[in-house]
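Only a predicted model underlies this, so the values are computations on that prediction, with no experimental measurement involved. All ligand and atom numbering here is 1-based and tracks the order in the structure.
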Amino acid sequence: MSNEDTRSITMSEVMTPEKANFAGNIHGGHLLSLLDRVAYACAARYSKHYVVTLSVDNVLFKQPIHVGELVTCHARVNYVGHSSMEVGIKVIAENLTTGEQRHTNSCFFTMVAMDDKHKPAKIAPLSLDDDQSKRRFAEAQLRRELRKQMDREHAKRKQNYNE
Ligand SMILES: CC(C)(COP(=O)(O)OP(=O)(O)OC[C@H]1O[C@@H](n2cnc3c(N)ncnc32)[C@H](O)[C@@H]1OP(=O)(O)O)[C@@H](O)C(=O)NCCC(=O)NCCS
């Protein structure tokens with residue numbers, strides 16, 4: 001399998017009635033669970049390790065998903081550090097009778113590869129062979145920096161309140 005094949009994955013699921021909320025649309029919790037499984041499959045296949053979810057960013061439910069639609073998640077490893085990976089997921093909902101497709105949301109999962117002792121494991125670097133991969137990598141790096149900066153800021157403020 002080439003590097004391009006192992007860095008991306010596509011998973012689809014038909015939205016059946018038991019996944020609906022009180023309003024009759026698909027429950028946000030169901031979509032989150034699906035996204036987590038997609039991120040797991042994408043990161044585990046790329047790293048060839050068991051992986052855990054460290055964080056989920058930018059989960060924005062821009063449009064409701066309806067019962068009967070086919071939800072397809074296009075996932076891709078955007079960034080690889082030492083043990084962590086950012087997986088970007090684009091969600092498309094398709095009306096199977098009309099063929100209409102809607103981009104309902106995109107989000108970013110940070111996954112960490114674990115070794116047999118349950119410690120973060122070193123994984124293969126990502127080859128950046130085209131401009132799109134380089135752009136995705138740089139954007140993921142920026143998100144990672146901003147997330148760490150926000151964590152530091154929260155920790156500082158918490159400390160100030162406790163003083
Ligand atoms: C994921 C986990 C093993 C990381 O532990 P840790 O002590 O922070 O380990 P490290 O410091 O080695 O960090 C591991 C990687 O995560 C990254 N990381 C840690 N905190 C981060 C943060 N706030 N933002 C972005 N990246 C972060 C580190 O930079 C490192 O990446 P790198 O190896 O690519 O440089 C630990 O946080 C954990 O077990 N979390 C629970 C996971 C879980 O149960 N998920 C399911 C939740 S329902």
*For Arg135, check side-chain hydrogen bond (donor to acceptor under 3.5 Å, both in side chains) against everything at least two apart and list the hits.*
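Arg135: side-chain hydrogen bond (donor to acceptor under 3.5 Å, both in side chains) contacts with Glu139.
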*Heavy-atom side-chain proximity of Leu126 to Arg7 below 4.5 angstrom*: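 Yes, their side chains come closer than 4.5 Å.
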*Using the test ring pair (Phe, Tyr, Trp, His ring centres under 6.0 Å), find all partners of Phe137 that sit at least two apart in sequence or belong to another chain.*
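Once residues adjacent in sequence are excluded, the partners of Phe137 under the ring pair (Phe, Tyr, Trp, His ring centres under 6.0 Å) criterion are Tyr79.
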*Hey, is CG on Asp116 packed in by over 12 heavy atoms from elsewhere, all under 6.0 Å?*
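Counting other residues, nucleotides and ligands, CG of Asp116 stays at 12 neighbours or fewer.
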*Does His30 NE2 have over 12 foreign heavy atoms under 6.0 Å away?*
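Buried by this count: over 12 neighbours within 6.0 Å.
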*Under a strict 4.0 Å criterion on non-hydrogen atoms, which protein residues are in contact with ligand 1?*
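Near ligand 1, by chain and number: Val52, Thr53, Leu54, Gly81, His82, Ser83, Ser84, Val112, Met114, Pro120, Arg144, Arg147, Lys148, Asp151.
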*Would you please name every residue forming a salt bridge (charged side-chain N to carboxylate O under 4.0 Å, His left out) with Glu153, sequence neighbours left out?*
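Partners of Glu153 by the salt bridge (charged side-chain N to carboxylate O under 4.0 Å, His left out) criterion, ordered by chain and then number, come out as Lys156, Arg157.
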